[in-house]
There are 2 protein chains.
Amino acid sequence: MTNTESSTSIDQDLPLTEQLRTGNLFASPCPSRDVLKHVCSRWGVLILISLRDGTHRFSELRKRIGGVSEKMLAQSLQALEQDGFIERIAYPVVPPHVEYSLTTSGEEIARLVATLADWIEVNMSQITAAQQQHQSRQITTDESSR
Amino acid sequence: MTNTESSTSIDQDLPLTEQLRTGNLFASPCPSRDVLKHVCSRWGVLILISLRDGTHRFSELRKRIGGVSEKMLAQSLQALEQDGFIERIAYPVVPPHVEYSLTTSGEEIARLVATLADWIEVNMSQITAAQQQHQSRQITTDESSR
DNA sequence: GTAAGTACCAACAAAAAGGTAAGTATGGAA
DNA sequence: TTCCATACTTACCTTTTTGTTGGTACTTAC
């Protein structure tokens, strides 16, 4: 028996619809998990943070965000646009000219994401230290078990 | 030409080592991206939030977090433990008894993550509305282009 | 004697994410 | 005339992530 949670995981006191309306992240079929996925995704985070200083074109974002492929950038931008965090303005010219910027709610969530990212960057040395300590604990444990 | 960024994406004014030391999320090989991945991952978020109200056992977390498999829960817990966000205490008894709790830095980052998650849950109706509006715009655009 | 309980791990399979290369449109420059 | 620029899309393939199944260890309860 490996997978018994699907029913027990859901709060017994509330009907499912109520949980979904209020958005219960702990229930598996919750739509807010998808939003979280877009926002917290590898590229979503960087896009949101990049747009905090104003409007940018597709190619600008591409250059600024190290390692994104065109495909992923386009895909991530679309997801964030769908959720209403990003506004896309396309000028009908050749070659194409498209501008991306944060909406009001985009600014709000980008601020939260940036806070999180900043915390990590600031505390990175501490985290690295913890990782190395963990590493060495692993080794000594492995050795003692031989 | 599809992939030209790998050099241009990196801040030209700083040596690579300096960027990595301070943790530049926009440079592709940055270790802070991994931490962000652990923290923002599907299960990482829920684990951190779950542990905010105190110590929990493996099976408790499993029940509380809808949809996690044992494997994923174990894996995510290990990643967060490595980063120093979670403390794991195993009592040498049979059947096994293991307790998980947040470290000090774990509490800090869990607070930020919870803020983000709360914002999404609170604003979920707004987001859903935006999604539907986007959806209908799509349809009318498709129709007019025929 | 055997089933149940806990916190895992390893092996394999499926699914999802991501990368790469090529194509689209069209005006202007070489 | 061929190439370039931009913002994509599509098809195809690789890599990563996730799920599934079956085990382990030992004790207690039935």
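Quick note on labels: first sequence line is chain A, next is B, and so on, each numbered from 1.
- In this structure, B:E60 reaches neither bases nor backbone, as no heavy-atom distance under 4.0 Å exists between it and the strands shown.
- Here the side chain of A:W43 is nearest to one of D:dT9, C:dG18, C:dC9, namely C:dG18.
- Distances shorter than 4.0 Å separate none of the side-chain N or O atoms of B:R62 from OP1 or OP2 on C:dG5.
- By the 30° and 60° cut-offs, the orientation of the rings of A:H97 relative to A:Y91 is perpendicular.
- A:Q78 has a side-chain polar atom (N or O) that falls below the 4.0 Å cut-off from OP1 or OP2 of D:dT9.
- Between B:S69 and D:dT20 there is no side-chain N or O to OP1 or OP2 distance below 4.0 Å.
- Mapping B:P95 and A:S76 onto DNA chain C by nearest heavy atom places B:P95 at the nucleotide closer to the 5' end.
- When the P atom of D:dG23 is taken as reference, atom CD of B:E70 falls 15 Å away, rounded to whole Å.
- For the OP1/OP2 pair of C:dC8 and a distance below 4.0 Å, the side-chain nitrogens and oxygens of B:R88 include at least one atom meeting the criterion.
- The salt bridge (charged side-chain N to carboxylate O under 4.0 Å, His left out) contacts involving residues 87-115 of chain A comprise nothing, where partners must be two or more places apart or lie in separate chains.
- An end-to-end axis angle of 30° holds for the helix from C:dG1-D:dC30 to C:dA30-D:dT1, taken from five base pairs per end and rounded to 10°.
- With hydrogens and angles ignored, the 3.5 Å screen pairs a side-chain donor or acceptor of A:T103 with a backbone N or O of A:G84.
- Here B:E99 lies out of heavy-atom contact (under 4.0 Å) with every strand.
- When heavy atoms are screened at a 4.0 angstrom cut-off, B:Y100 is found touching the sugar-phosphate backbone but no base atom.
- Neither OP1 nor OP2 of D:dT6 sits under 4.0 Å from any side-chain N or O of A:R57.
- Remark: B:K37 is not in phosphate contact with D:dT16, judged by side-chain N or O atoms under 4.0 Å from OP1 or OP2.
- The shortest distance between the side-chain N/O atoms of B:S59 and the OP1/OP2 oxygens of C:dG5 is not below 4.0 Å.
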